[in-house]
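Below, each value reflects all heavy atoms present in this structure, side chains not excepted, and no hydrogens, waters or symmetry copies. Note on naming: letters A, B, ... go to the chains in the order of the sequence lines (proteins, then strands), and numbering restarts at 1 for each one.
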Amino acid sequence: MEIRYKSVSGTRDVLPEEQPYWRFIEKKIAEITALFGYQRVDPPIFEETPLFIRGVGETTDIVEKEMYSFLDKGKTPLTLRPEFTAGVMRLYLQNGLHMLSKPVKLYSIGPVFRFERPQAGRFRQHTQFNVEALGEQDPAIDLEVMSVAWQLYAELGFSDLAFQLNSTGCPQCRPLYIERLKAYYREHLHEICEDCKRRLERNALRLLDCKVAGCQPVIAAAPVISEHLCPECDNHFSALTSYLRGLGKPYIINHKLVRGLDYYTKTVFEVWAKGIGAQNAMCGGGRYDGLIEQLGGDPTPGIGFGSGIERIILSMKEQGLTPEPLPAPRILVAHAGSAAKTAAIEVVFRLRSHGIGALMAFGERSLKSQMREANRLNAGVVIIIAEHEVEAQTLTVKNLTDGSQEEIPAADLILHFKTLGLH
RNA sequence: GUGGGUGUAGCUCAGUUGGAUAGAGCACCAGGUUGUGGCCCUGGUGGCCGCGGGUUCAAGUCCCGUCACUCACCCCA
């Protein structure tokens, strides 16, 4: 066999063996969002390119070099969404959701696309669970949004979780802090790596999460943003942390936690996990109070997060967390002889029409082979039909768990299995 | 864009300092007496050894190139 076509770099196939993870996570998401009162929206996978340029930020890496952008046949510049937030904000404004009473609480789930070099826990197409709460500045909603993520991971079986938490300030206080940070770094220019020299001019906040060993002492002594917040941001942050303490949710204030996207203000947070390679964030998000106005709406606060499903699954596997199994038919119908095969087909369809899952043994193979198949498929019961059963108008029902078998009238088929509770 | 690692059966991998028809386990198929699974036994299907070039009497093995995958940096979920 010659493999002529293969999947595109950075994309992956989700095979049957991994499906239980996906169905389990989707089920938990549906339950938890319902519990918290979040409503699902599904924006399209592609939007006009300028939406993302404005929404994500012109100078971010995502916009500068990671977007899947193209012209359609009408020459309209389009882009496969690199994240959810911009599209959800567009959806919110265009459909008049901003006229609803606040907060408007929304979630989405689906693929996003970024042209990056793939590595462990990072793909060019990955799936995000995305939550947004719009129109509310109360720090209690920061807590609520974070708790959606928290509860999801907890119900999937994760333990010992802690939020990484920080505030990135607002347009009032952040620029002052950035100036302080830059001034500090200029005094230490000779001690930092080349990348940091570049960051100093392009994206100063990123200086704080450089991983080069030589830069660590400089980072450790750098000015800390939490000491440079304006009174409003400071109050917001301390209220949030007091709520977290009140609930007994562990959190770690991480002065080095910054977001790569321009729109974040005040609260930023991540949840870290093991088993996803050098990537540690299973979830990342924060507050973006200026974004909606920037996209043409009225000034509206907002907060949200994105969580990568593939990373959740990687981490579940790493930690040995198993999903619920998917339902599968427990009955296989085996047969020997052409009259028996016709009867077998009828039995399979009769079972299914009564909501009882059943599998047909295809082809004309030995009973032994069909029994092996039943075992492989994890069937609990095999119905055997051969010449004798056809003549006697009966069915042989074998229980694979204990090996017992009995012969029942063919007419009693449905009654028999309803009584067994196998449907 | 930069660096490291790896390319042998559907999957996980052996393959000794270059040497004969390229192997194992798993998976798949068949058989192990009349119409019956799991365990076990036997047999079978399945590989341009990533691709191209070079060195050599001889290349899966050595050299060069190339592509792919992978991990890490950058950045991010």
Side-chain angles (χ1 to χ4, degrees), chain A residues 1-3 6-10 12 15 17 56 59-66 81-85 109-131 149 193-196 198-199 202-203 205-206 209-212 257-261 269-273 276-285 304-315 332 334-337 340 361 363 365-390 396-405 407:
Chain A
M1 182 182 65
E2 177 195 4
I3 307 285
K6 52 191 190 56
S7 59
V8 172
S9 177
R12 52 193 299 282
L15 302 178
E17 61 183 17
V56 177
T59 62
T60 57
D61 275 24
I62 290 180
V63 167
E64 284 187 342
K65 54 187 192 189
E66 294 181 358
R81 63 184 176 208
E83 54 119 45
F84 264 103
T85 303
I109 181 165
V112 299
F113 306 85
R114 290 177 202 170
F115 189 82
E116 303 179 273
R117 286 291 286 269
Q119 64 187 71
R122 181 206 282 155
F123 313 98
R124 289 183 177 175
Q125 173 180 334
H126 78 275
T127 311
Q128 274 191 23
F129 167 45
N130 186 262
V131 168
C193 68
E194 289 306 309
D195 280 340
C196 279
R198 234 185 40 244
R199 292 188 185 104
R202 283 195 64 236
N203 193 347
L205 288 177
R206 285 254 150 244
D209 63 358
C210 179
K211 287 166 189 162
V212 174
L257 181 65
V258 291
R259 310 262 72 213
L261 285 62
F269 65 90
E270 292 185 350
V271 176
W272 290 1
I276 47 183
Q279 276 56 243
N280 50 14
M282 193 155 64
C283 144
F305 71 82
S307 183
I309 308 292
E310 288 83 355
R311 286 189 184 178
I312 295 175
I313 293 172
L314 278 170
S315 198
L332 180 92
H335 51 86
R365 291 149 55 215
S366 67
L367 266 182
K368 176 181 197 156
S369 168
Q370 294 177 72
M371 292 300 291
R372 280 182 170 160
E373 182 181 3
N375 205 61
R376 198 169 52 244
L377 293 170
N378 201 25
V381 169
V382 178
I383 296 176
I384 299 165
I385 307 172
E387 282 178 35
H388 163 73
E389 284 81 1
V390 172
T396 295
V397 178
K398 173 156 183 153
N399 181 324
L400 289 189
T401 309
D402 59 17
S404 68
Q405 70 182 51
E407 197 171 337

- Item | Ring centroids of A/H388 and B/rG35 base under 5.5 Å with planes under 30° | no
Value in whole Å for how far the [atom2] atom of [N] lies from [atom1] of [X]:
| X | N | atom1 | atom2 | answer |
| --- | --- | --- | --- | --- |
| A/L367 | B/rG38 | CG | P | 13 Å |
| A/L377 | B/rU36 | CG | C1' | 16 Å |
| A/K65 | B/rC75 | NZ | C1' | 7 Å |
| A/N399 | B/rG38 | CG | C1' | 13 Å |
| A/D61 | B/rC75 | CG | P | 7 Å |

Can you tell me how far [atom1] in [N] sits from the matching atom in [M], rounded to whole Å?
| N | M | atom1 | result |
| --- | --- | --- | --- |
| B/rG4 | B/rC63 | P | 16 Å |
| B/rU66 | B/rA58 | P | 26 Å |
| B/rG38 | B/rU34 | C1' | 23 Å |
| B/rU45 | B/rC26 | C1' | 15 Å |
| B/rG60 | B/rC48 | C1' | 12 Å |
| B/rG50 | B/rU61 | C1' | 16 Å |
| B/rC49 | B/rC62 | C1' | 15 Å |
| B/rU6 | B/rG10 | P | 23 Å |

- Item | Side-chain donor/acceptor of A/R81 to backbone N/O of A/P111, under 3.5 Å |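 Indeed, once roles are kept as given, a pair shorter than 3.5 Å links the two residues.
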- Message: Contact between A/F123 and A/P118 at the side-chain level, heavy atoms closer than 4.5 Å - yes or no?
- Response: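 SC-SC contact between A/F123 and A/P118 ruled out.
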- A/Q128 versus A/I309: any side-chain heavy-atom pair under 4.5 Å? no
Please evaluate the base of [N] for a donor-acceptor partner in the side chain of [X] within a cut-off of under 3.5 Å?
| X | N | result |
| --- | --- | --- |
| A/Q405 | B/rU36 | yes |
| A/K398 | B/rG35 | no |
| A/R122 | B/rC75 | yes |

- Message: Under a 3.5 Å cutoff, is there a donor and acceptor pairing between the side chains of A/E389 and A/H335?
- Response: no
Using only side-chain N and O atoms of [X], determine if any of them is under 4.0 Å from OP1 or OP2 of [N].
| X | N | result |
| --- | --- | --- |
| A/K211 | B/rC73 | yes |
| A/T60 | B/rC75 | no |
| A/Q119 | B/rC73 | yes |
| A/Q279 | B/rA77 | no |
| A/R372 | B/rC29 | no |
| A/R376 | B/rC28 | yes |

Nucleotide nearest [X] when distance is taken to its side chain, options [options]:
| X | options | answer |
| --- | --- | --- |
| A/L400 | B/rA77, B/rG35, B/rG37 | B/rG37 |
| A/R117 | B/rG31, B/rC74, B/rU70 | B/rU70 |
| A/S366 | B/rA72, B/rG35, B/rG31 | B/rG31 |
| A/A386 | B/rG35, B/rU36, B/rA30 | B/rG35 |

Can you tell me the pairing partner of [N] across any strand shown, Watson-Crick or G-U wobble, with both distances under 3.5 angstrom?
| N | value |
| --- | --- |
| B/rG35 | none |
| B/rG19 | B/rC57 |
| B/rG3 | B/rC71 |
| B/rU66 | B/rG50 |
| B/rA77 | none |
| B/rG44 | B/rC28 |

Look at all strands and tell whether [X] reaches a base, only sugar-phosphate, or nothing, counting heavy atoms closer than 4.0 Å.
| X | answer |
| --- | --- |
| A/R365 | sugar-phosphate |
| A/A374 | nothing |
| A/G277 | sugar-phosphate |
| A/A336 | nothing |
| A/T127 | nothing |

- Message: Ignoring hydrogens, what is the shortest heavy-atom contact between A/R311 and A/A281? Give both atom names and the distance.
- Response: NH1-O, 2.9 Å
- Item | Closest contact, heavy atoms only, A/A340 versus A/A336 | CB-O, 3.2 Å
- A/E310 vs A/A278, nearer the 5' end of RNA chain B by closest nucleotide: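 Nearest-nucleotide comparison on RNA chain B picks A/A278.
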- Item | First of A/A120 and A/E373 reached from the 5' end of RNA chain B, by closest nucleotide |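 The residue mapped nearer the 5' terminus is A/E373.
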- Task: Using the ring of A/F115 (Phe, Tyr or Trp, six-membered ring only), decide whether A/R124 places NZ or CZ under 6.0 Å from its centre and within 45 degrees of its axis.
- Result: yes
- Answer yes when A/E310 and A/R122 have at least one side-chain N-carboxylate O distance shorter than 4.0 Å, and no when they do not.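 The answer is no: the pair does not qualify as a salt bridge.
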